[in-house]
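The basis for the numbers below is simple: all heavy atoms, side chains too, and nothing from hydrogens, waters or symmetry mates. Order of the sequence lines fixes the chain letters, A, B, ..., with proteins taken first and strands second; residue numbering starts at 1 for each chain.
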2 protein chains.
Amino acid sequence: MSHAFDRHDHGTCIASALSAAEAACAGRGMQLTPLRRRTLEILLESHVALGAYDVLARLEAEGFGSKPPVAYRALGFLVENGFAHRIEGLSAYVACARPGSPHDPSFLVCRSCRRVAEEEIQAPLAPEAEAEGFAIERTVVEAQGLCPACRGRA
Amino acid sequence: MSHAFDRHDHGTCIASALSAAEAACAGRGMQLTPLRRRTLEILLESHVALGAYDVLARLEAEGFGSKPPVAYRALGFLVENGFAHRIEGLSAYVACARPGSPHDPSFLVCRSCRRVAEEEIQAPLAPEAEAEGFAIERTVVEAQGLCPACRGRA
DNA sequence: CGCCTCTTGTTATACTATAACATCCGCGCT
DNA sequence: AGCGCGGATGTTATAGTATAACAAGAGGCG
(Lines give C-alpha, C1' and ligand atoms only; values in the text may rest on other atoms or scores of the structure.)
Protein backbone atom coordinates (compact mmCIF):
# COMPACT_ATOMS: atom_id res chain seq x y z
CA MET A 1 0.00 0.00 0.00
CA SER A 2 0.93 3.60 -0.34
CA HIS A 3 1.83 5.77 2.62
CA ALA A 4 0.08 8.97 1.72
CA PHE A 5 -2.49 8.61 4.48
CA ASP A 6 -0.15 7.07 7.05
CA ARG A 7 2.38 8.47 9.41
CA HIS A 8 5.64 7.74 7.65
CA ASP A 9 9.19 8.99 7.27
CA HIS A 10 8.54 11.48 4.55
CA GLY A 11 12.22 12.31 4.16
CA THR A 12 12.76 8.95 2.53
CA CYS A 13 9.98 9.67 0.03
CA ILE A 14 11.76 12.85 -0.98
CA ALA A 15 15.24 11.42 -1.07
CA SER A 16 14.35 8.33 -3.06
CA ALA A 17 12.24 10.27 -5.56
CA LEU A 18 15.00 12.81 -6.15
CA SER A 19 17.71 10.22 -6.58
CA ALA A 20 15.50 8.18 -8.90
CA ALA A 21 14.88 11.27 -10.99
CA GLU A 22 18.57 12.07 -11.12
CA ALA A 23 19.45 8.54 -12.14
CA ALA A 24 16.73 8.40 -14.81
CA CYS A 25 17.78 11.75 -16.29
CA ALA A 26 21.42 10.76 -16.38
CA GLY A 27 20.55 7.49 -18.05
CA ARG A 28 18.36 9.07 -20.72
CA GLY A 29 20.39 12.16 -21.47
CA MET A 30 17.75 14.43 -19.97
CA GLN A 31 18.59 17.39 -17.76
CA LEU A 32 17.17 17.74 -14.27
CA THR A 33 17.73 21.50 -14.28
CA PRO A 34 17.32 23.68 -11.17
CA LEU A 35 13.82 24.68 -12.26
CA ARG A 36 12.74 21.10 -12.87
CA ARG A 37 14.38 19.83 -9.72
CA ARG A 38 12.81 22.55 -7.61
CA THR A 39 9.41 21.87 -9.15
CA LEU A 40 9.73 18.22 -8.24
CA GLU A 41 10.80 19.16 -4.71
CA ILE A 42 7.73 21.36 -4.34
CA LEU A 43 5.47 18.48 -5.33
CA LEU A 44 7.41 16.16 -3.03
CA GLU A 45 6.87 18.31 0.03
CA SER A 46 3.59 16.53 0.59
CA HIS A 47 1.33 13.96 -0.98
CA VAL A 48 -1.12 16.72 -1.79
CA ALA A 49 -2.04 17.42 -5.42
CA LEU A 50 -1.09 20.99 -6.41
CA GLY A 51 -2.54 23.05 -9.23
CA ALA A 52 -0.16 24.39 -11.85
CA TYR A 53 -0.76 27.92 -10.59
CA ASP A 54 0.02 26.92 -7.00
CA VAL A 55 3.34 25.54 -8.20
CA LEU A 56 3.89 28.65 -10.28
CA ALA A 57 3.39 30.91 -7.27
CA ARG A 58 5.99 28.95 -5.33
CA LEU A 59 8.47 29.10 -8.18
CA GLU A 60 7.97 32.80 -8.68
CA ALA A 61 8.56 33.44 -4.96
CA GLU A 62 11.88 31.67 -5.36
CA GLY A 63 13.09 33.76 -8.26
CA PHE A 64 11.96 31.73 -11.25
CA GLY A 65 9.75 33.11 -14.00
CA SER A 66 6.22 34.16 -13.20
CA LYS A 67 4.30 33.18 -16.31
CA PRO A 68 2.22 30.00 -16.75
CA PRO A 69 4.47 28.29 -19.29
CA VAL A 70 7.26 28.17 -16.72
CA ALA A 71 5.20 25.91 -14.48
CA TYR A 72 3.45 24.00 -17.25
CA ARG A 73 6.71 23.13 -18.97
CA ALA A 74 8.39 21.94 -15.80
CA LEU A 75 5.33 19.90 -14.84
CA GLY A 76 5.10 18.52 -18.36
CA PHE A 77 8.69 17.39 -18.18
CA LEU A 78 8.14 15.65 -14.86
CA VAL A 79 4.97 13.95 -16.04
CA GLU A 80 6.46 12.82 -19.36
CA ASN A 81 9.37 11.29 -17.54
CA GLY A 82 7.28 9.61 -14.91
CA PHE A 83 8.48 11.69 -11.95
CA ALA A 84 5.04 13.17 -11.39
CA HIS A 85 1.46 12.43 -12.39
CA ARG A 86 -1.47 14.55 -13.40
CA ILE A 87 -4.69 13.97 -11.44
CA GLU A 88 -7.35 14.48 -14.09
CA GLY A 89 -10.22 14.79 -11.65
CA LEU A 90 -8.54 17.77 -9.97
CA SER A 91 -6.58 19.28 -12.87
CA ALA A 92 -3.63 19.02 -10.50
CA TYR A 93 -0.23 17.40 -10.16
CA VAL A 94 1.38 15.10 -7.64
CA ALA A 95 4.85 13.61 -7.27
CA CYS A 96 5.18 9.99 -8.27
CA ALA A 97 5.23 7.65 -5.29
CA ARG A 98 6.91 4.82 -7.20
CA PRO A 99 9.75 6.53 -9.01
CA GLY A 100 11.97 4.45 -11.19
CA SER A 101 9.68 1.70 -12.37
CA PRO A 102 7.41 2.62 -15.25
CA HIS A 103 3.81 2.00 -14.31
CA ASP A 104 0.24 2.80 -15.16
CA PRO A 105 -0.69 4.65 -12.01
CA SER A 106 -3.97 4.64 -10.14
CA PHE A 107 -4.98 6.89 -7.28
CA LEU A 108 -7.12 7.37 -4.21
CA VAL A 109 -7.85 11.10 -4.18
CA CYS A 110 -9.30 12.83 -1.11
CA ARG A 111 -11.78 15.50 -2.19
CA SER A 112 -11.35 17.33 1.12
CA CYS A 113 -7.58 17.63 1.65
CA ARG A 114 -6.48 16.71 -1.91
CA ARG A 115 -4.02 14.17 -0.57
CA VAL A 116 -3.33 11.40 -3.08
CA ALA A 117 -2.33 7.78 -2.51
CA GLU A 118 -0.82 6.06 -5.51
CA GLU A 119 -1.77 2.42 -5.93
CA GLU A 120 -0.68 -0.46 -8.09
CA ILE A 121 -3.43 -2.19 -10.04
CA GLN A 122 -3.86 -4.24 -13.18
CA ALA A 123 -4.97 -2.50 -16.36
CA PRO A 124 -8.69 -2.77 -15.76
CA LEU A 125 -9.99 -2.34 -19.32
CA ALA A 126 -7.60 -4.63 -21.18
CA PRO A 127 -10.11 -7.42 -21.98
CA GLU A 128 -12.76 -4.97 -23.18
CA ALA A 129 -10.23 -3.13 -25.34
CA GLU A 130 -9.05 -6.42 -26.80
CA ALA A 131 -12.59 -7.42 -27.68
CA GLU A 132 -13.25 -4.15 -29.49
CA GLY A 133 -9.91 -3.79 -31.24
CA PHE A 134 -9.07 -0.69 -29.24
CA ALA A 135 -5.37 0.08 -28.63
CA ILE A 136 -4.92 1.43 -25.11
CA GLU A 137 -2.09 3.92 -24.69
CA ARG A 138 -2.75 5.21 -21.21
CA THR A 139 -5.28 4.49 -18.49
CA VAL A 140 -6.67 6.95 -15.97
CA VAL A 141 -7.89 5.35 -12.74
CA GLU A 142 -8.84 7.71 -9.95
CA ALA A 143 -11.10 6.97 -7.00
CA GLN A 144 -12.41 10.13 -5.40
CA GLY A 145 -13.63 10.13 -1.84
CA LEU A 146 -12.54 10.84 1.71
CA CYS A 147 -9.26 9.80 3.29
CA PRO A 148 -9.22 8.37 6.85
CA ALA A 149 -8.28 11.69 8.46
CA CYS A 150 -10.99 13.66 6.65
CA ARG A 151 -13.59 10.99 7.41
CA GLY A 152 -12.83 11.35 11.07
CA ARG A 153 -12.99 15.12 10.89
CA ALA A 154 -16.43 15.13 9.25
CA MET B 1 -19.58 -4.80 -25.17
CA SER B 2 -20.50 -1.34 -26.21
CA HIS B 3 -21.31 -0.46 -29.79
CA ALA B 4 -19.58 2.87 -30.12
CA PHE B 5 -16.95 1.49 -32.50
CA ASP B 6 -19.29 -0.89 -34.34
CA ARG B 7 -21.73 -0.48 -37.08
CA HIS B 8 -25.03 -0.52 -35.24
CA ASP B 9 -28.58 0.78 -35.42
CA HIS B 10 -27.94 4.12 -33.82
CA GLY B 11 -31.62 5.03 -33.84
CA THR B 12 -32.23 2.52 -31.10
CA CYS B 13 -29.49 4.12 -28.97
CA ILE B 14 -31.24 7.45 -29.28
CA ALA B 15 -34.75 6.15 -28.72
CA SER B 16 -33.90 4.05 -25.69
CA ALA B 17 -31.84 6.78 -24.06
CA LEU B 18 -34.59 9.36 -24.51
CA SER B 19 -37.31 7.11 -23.20
CA ALA B 20 -35.17 6.09 -20.23
CA ALA B 21 -34.56 9.76 -19.45
CA GLU B 22 -38.25 10.55 -19.71
CA ALA B 23 -39.18 7.67 -17.45
CA ALA B 24 -36.53 8.54 -14.88
CA CYS B 25 -37.57 12.19 -14.79
CA ALA B 26 -41.21 11.33 -14.41
CA GLY B 27 -40.42 8.91 -11.61
CA ARG B 28 -38.26 11.38 -9.69
CA GLY B 29 -40.28 14.52 -10.19
CA MET B 30 -37.59 16.07 -12.39
CA GLN B 31 -38.35 17.99 -15.57
CA LEU B 32 -36.87 16.97 -18.90
CA THR B 33 -37.39 20.45 -20.33
CA PRO B 34 -36.91 21.31 -24.01
CA LEU B 35 -33.42 22.64 -23.30
CA ARG B 36 -32.39 19.55 -21.37
CA ARG B 37 -33.97 17.20 -23.84
CA ARG B 38 -32.35 18.93 -26.79
CA THR B 39 -28.98 18.87 -25.03
CA LEU B 40 -29.31 15.14 -24.53
CA GLU B 41 -30.30 14.69 -28.17
CA ILE B 42 -27.23 16.59 -29.28
CA LEU B 43 -25.00 14.28 -27.24
CA LEU B 44 -26.91 11.28 -28.54
CA GLU B 45 -26.32 12.13 -32.17
CA SER B 46 -23.04 10.29 -31.97
CA HIS B 47 -20.84 8.48 -29.49
CA VAL B 48 -18.37 11.35 -29.74
CA ALA B 49 -17.51 13.36 -26.63
CA LEU B 50 -18.45 17.03 -27.05
CA GLY B 51 -17.04 19.98 -25.17
CA ALA B 52 -19.46 22.21 -23.28
CA TYR B 53 -18.82 25.01 -25.76
CA ASP B 54 -19.53 22.74 -28.73
CA VAL B 55 -22.88 21.91 -27.18
CA LEU B 56 -23.47 25.58 -26.42
CA ALA B 57 -22.86 26.55 -30.04
CA ARG B 58 -25.44 24.01 -31.17
CA LEU B 59 -27.97 25.21 -28.62
CA GLU B 60 -27.45 28.83 -29.53
CA ALA B 61 -27.97 28.03 -33.22
CA GLU B 62 -31.31 26.55 -32.26
CA GLY B 63 -32.54 29.58 -30.37
CA PHE B 64 -31.49 28.81 -26.82
CA GLY B 65 -29.32 31.10 -24.74
CA SER B 66 -25.77 31.78 -25.82
CA LYS B 67 -23.92 32.04 -22.53
CA PRO B 68 -21.86 29.25 -20.88
CA PRO B 69 -24.18 28.62 -17.93
CA VAL B 70 -26.92 27.54 -20.33
CA ALA B 71 -24.84 24.60 -21.52
CA TYR B 72 -23.16 23.86 -18.20
CA ARG B 73 -26.47 23.71 -16.36
CA ALA B 74 -28.08 21.42 -18.89
CA LEU B 75 -25.02 19.17 -18.95
CA GLY B 76 -24.87 19.21 -15.15
CA PHE B 77 -28.47 18.09 -14.97
CA LEU B 78 -27.87 15.23 -17.39
CA VAL B 79 -24.72 14.10 -15.58
CA GLU B 80 -26.28 14.30 -12.11
CA ASN B 81 -29.17 12.20 -13.28
CA GLY B 82 -27.02 9.65 -15.06
CA PHE B 83 -28.18 10.48 -18.60
CA ALA B 84 -24.70 11.63 -19.61
CA HIS B 85 -21.15 11.32 -18.35
CA ARG B 86 -18.21 13.65 -18.17
CA ILE B 87 -14.98 12.39 -19.71
CA GLU B 88 -12.35 13.85 -17.39
CA GLY B 89 -9.44 13.23 -19.71
CA LEU B 90 -11.08 15.38 -22.42
CA SER B 91 -13.08 17.85 -20.33
CA ALA B 92 -15.99 16.72 -22.47
CA TYR B 93 -19.39 15.10 -22.24
CA VAL B 94 -20.96 12.02 -23.77
CA ALA B 95 -24.44 10.50 -23.61
CA CYS B 96 -24.81 7.52 -21.32
CA ALA B 97 -24.83 4.24 -23.20
CA ARG B 98 -26.57 2.33 -20.40
CA PRO B 99 -29.39 4.59 -19.38
CA GLY B 100 -31.65 3.46 -16.63
CA SER B 101 -29.39 1.38 -14.45
CA PRO B 102 -27.15 3.33 -12.10
CA HIS B 103 -23.53 2.40 -12.67
CA ASP B 104 -19.95 3.48 -12.12
CA PRO B 105 -19.00 3.98 -15.72
CA SER B 106 -15.71 3.27 -17.45
CA PHE B 107 -14.66 4.26 -20.92
CA LEU B 108 -12.48 3.57 -23.92
CA VAL B 109 -11.72 7.02 -25.34
CA CYS B 110 -10.22 7.47 -28.81
CA ARG B 111 -7.73 10.34 -28.79
CA SER B 112 -8.10 10.81 -32.51
CA CYS B 113 -11.86 10.90 -33.18
CA ARG B 114 -13.00 11.36 -29.55
CA ARG B 115 -15.47 8.52 -29.88
CA VAL B 116 -16.22 6.88 -26.53
CA ALA B 117 -17.24 3.31 -25.71
CA GLU B 118 -18.78 2.83 -22.31
CA GLU B 119 -17.88 -0.39 -20.52
CA GLU B 120 -18.98 -2.23 -17.43
CA ILE B 121 -16.26 -3.12 -14.94
CA GLN B 122 -15.84 -3.84 -11.26
CA ALA B 123 -14.72 -1.07 -8.95
CA PRO B 124 -10.99 -1.53 -9.40
CA LEU B 125 -9.66 0.17 -6.26
CA ALA B 126 -12.04 -1.24 -3.67
CA PRO B 127 -9.54 -3.53 -1.90
CA GLU B 128 -6.87 -0.84 -1.71
CA ALA B 129 -9.36 1.69 -0.37
CA GLU B 130 -10.53 -0.81 2.22
CA ALA B 131 -6.98 -1.43 3.38
CA GLU B 132 -6.30 2.28 3.84
CA GLY B 133 -9.62 3.28 5.34
CA PHE B 134 -10.47 5.42 2.34
CA ALA B 135 -14.16 5.94 1.52
CA ILE B 136 -14.66 5.88 -2.25
CA GLU B 137 -17.48 8.04 -3.55
CA ARG B 138 -16.86 7.93 -7.27
CA THR B 139 -14.36 6.24 -9.55
CA VAL B 140 -13.00 7.56 -12.83
CA VAL B 141 -11.78 4.87 -15.23
CA GLU B 142 -10.81 6.02 -18.71
CA ALA B 143 -8.53 4.23 -21.14
CA GLN B 144 -7.18 6.56 -23.79
CA GLY B 145 -5.91 5.23 -27.09
CA LEU B 146 -6.96 4.58 -30.66
CA CYS B 147 -10.22 3.02 -31.77
CA PRO B 148 -10.24 0.38 -34.52
CA ALA B 149 -11.13 2.85 -37.27
CA CYS B 150 -8.44 5.35 -36.29
CA ARG B 151 -5.83 2.61 -35.97
CA GLY B 152 -6.53 1.57 -39.53
CA ARG B 153 -6.37 5.13 -40.76
CA ALA B 154 -2.93 5.75 -39.21
C1' DC C 1 34.04 32.02 -34.16
C1' DG C 2 29.49 30.27 -36.00
C1' DC C 3 25.97 27.16 -35.61
C1' DC C 4 22.87 24.17 -33.32
C1' DT C 5 19.98 22.52 -29.56
C1' DC C 6 17.90 23.02 -25.32
C1' DT C 7 16.09 25.74 -21.64
C1' DT C 8 13.97 29.60 -19.74
C1' DG C 9 11.60 33.68 -20.22
C1' DT C 10 8.07 36.74 -22.25
C1' DT C 11 3.35 38.41 -24.44
C1' DA C 12 -0.88 37.28 -25.82
C1' DT C 13 -4.69 34.44 -26.19
C1' DA C 14 -7.69 30.28 -25.95
C1' DC C 15 -10.35 27.11 -23.47
C1' DT C 16 -13.11 25.55 -19.41
C1' DA C 17 -16.12 26.75 -15.63
C1' DT C 18 -18.86 29.19 -12.05
C1' DA C 19 -20.77 33.09 -9.07
C1' DA C 20 -24.29 36.39 -8.79
C1' DC C 21 -28.18 38.47 -10.21
C1' DA C 22 -32.63 39.22 -13.37
C1' DT C 23 -36.69 37.39 -15.52
C1' DC C 24 -40.27 34.45 -16.53
C1' DC C 25 -43.56 30.81 -15.97
C1' DG C 26 -46.55 27.55 -13.72
C1' DC C 27 -48.76 26.29 -9.57
C1' DG C 28 -51.11 26.35 -5.24
C1' DC C 29 -53.37 29.30 -2.12
C1' DT C 30 -56.54 32.88 -0.38
C1' DA D 1 -58.26 37.43 -9.71
C1' DG D 2 -54.08 38.43 -7.02
C1' DC D 3 -50.21 36.72 -4.36
C1' DG D 4 -46.15 34.09 -3.20
C1' DC D 5 -43.15 30.48 -4.28
C1' DG D 6 -39.95 27.29 -6.54
C1' DG D 7 -37.63 26.06 -10.53
C1' DA D 8 -35.80 26.93 -15.16
C1' DT D 9 -33.61 30.03 -18.20
C1' DG D 10 -31.20 34.05 -19.30
C1' DT D 11 -27.71 37.62 -18.50
C1' DT D 12 -23.02 39.98 -16.98
C1' DA D 13 -18.82 39.39 -15.17
C1' DT D 14 -15.04 36.87 -13.62
C1' DA D 15 -12.19 32.85 -12.16
C1' DG D 16 -9.34 29.02 -13.27
C1' DT D 17 -6.66 26.09 -16.56
C1' DA D 18 -3.63 25.76 -20.58
C1' DT D 19 -0.99 26.67 -24.85
C1' DA D 20 0.90 29.11 -29.17
C1' DA D 21 4.45 32.04 -30.72
C1' DC D 22 8.35 34.51 -30.25
C1' DA D 23 12.99 36.34 -27.78
C1' DA D 24 17.09 35.54 -25.47
C1' DG D 25 20.88 33.13 -23.04
C1' DA D 26 24.02 28.96 -22.16
C1' DG D 27 26.73 25.21 -23.63
C1' DG D 28 28.66 21.87 -27.03
C1' DC D 29 31.12 21.25 -31.07
C1' DG D 30 32.50 21.84 -35.99
Close residues, residues 57-66 of chain A, relative to DNA chain C [heavy-atom separation under 4.0 Å]: A:F64, A:G65, A:S66
Atom-pair distance (CD1 on B:I87; C1' on C:dC15), nearest Å: 18 Å
Any salt bridge linking B:E88 with B:R138? Criterion: basic side-chain nitrogen under 4.0 Å from a carboxylate oxygen. yes
Atom pairs, N/O to N/O, protein against nucleotides 17-25 of chain C, distance under 3.5 Å?
unit_1	atom_1	unit_2	atom_2	d
C:dA17	OP1	B:R86	NH1	2.3
C:dA17	OP1	B:R86	NH2	2.8
C:dA17	OP2	B:Y72	OH	3.0
C:dA17	O5'	B:Y72	OH	3.4
C:dA17	N7	B:Y53	OH	2.7

Can you name the closest pair of heavy atoms from B:E118 and B:A95 and give their distance? OE1-O, 4.4 Å
Cluster question for you: counting only ILVMFWY and a side-chain heavy-atom cut-off of under 4.5 Å, with indirect links fine, are A:L18 and A:L78 together? yes
To the nearest Å, how far apart are A:L90 CG and D:dG16 P? 15 Å
Which of residues 24-51 of chain B have a heavy atom under 4.0 Å from DNA chain D? B:Q31, B:T33, B:L35, B:R36
Whole-Å distance separating the CD atom of B:E88 from the P atom of C:dT16: 13 Å
NZ/NE/NH1/NH2 to OD/OE distance under 4.0 Å, A:R38 and A:E45: yes
Please confirm whether the ring centroid of B:H47 lies under 6.0 Å from the ring centroid of B:H3. no
A:F107 and A:F5: same hydrophobic cluster, using ILVMFWY side-chain contacts below 4.5 Å? no
Just wondering, are more than 12 heavy atoms of other shown residues or ligands nearer than 6.0 Å to CD in A:Q122? no
Taking CG from B:N81 and P from D:dA8, how many angstroms apart are they, rounded to a whole number? 10 Å
Please indicate whether B:R114 has more than 12 foreign heavy atoms, meaning atoms of other residues, nucleotides or ligands, lying under 6.0 Å from its CZ. yes
Within a 6.0 Å radius of atom CZ on B:R36, are there more than 12 heavy atoms belonging to other residues, nucleotides or ligands? yes
Nearest heavy-atom contact between A:S66 and A:L56 is O-CD2, 3.5 Å
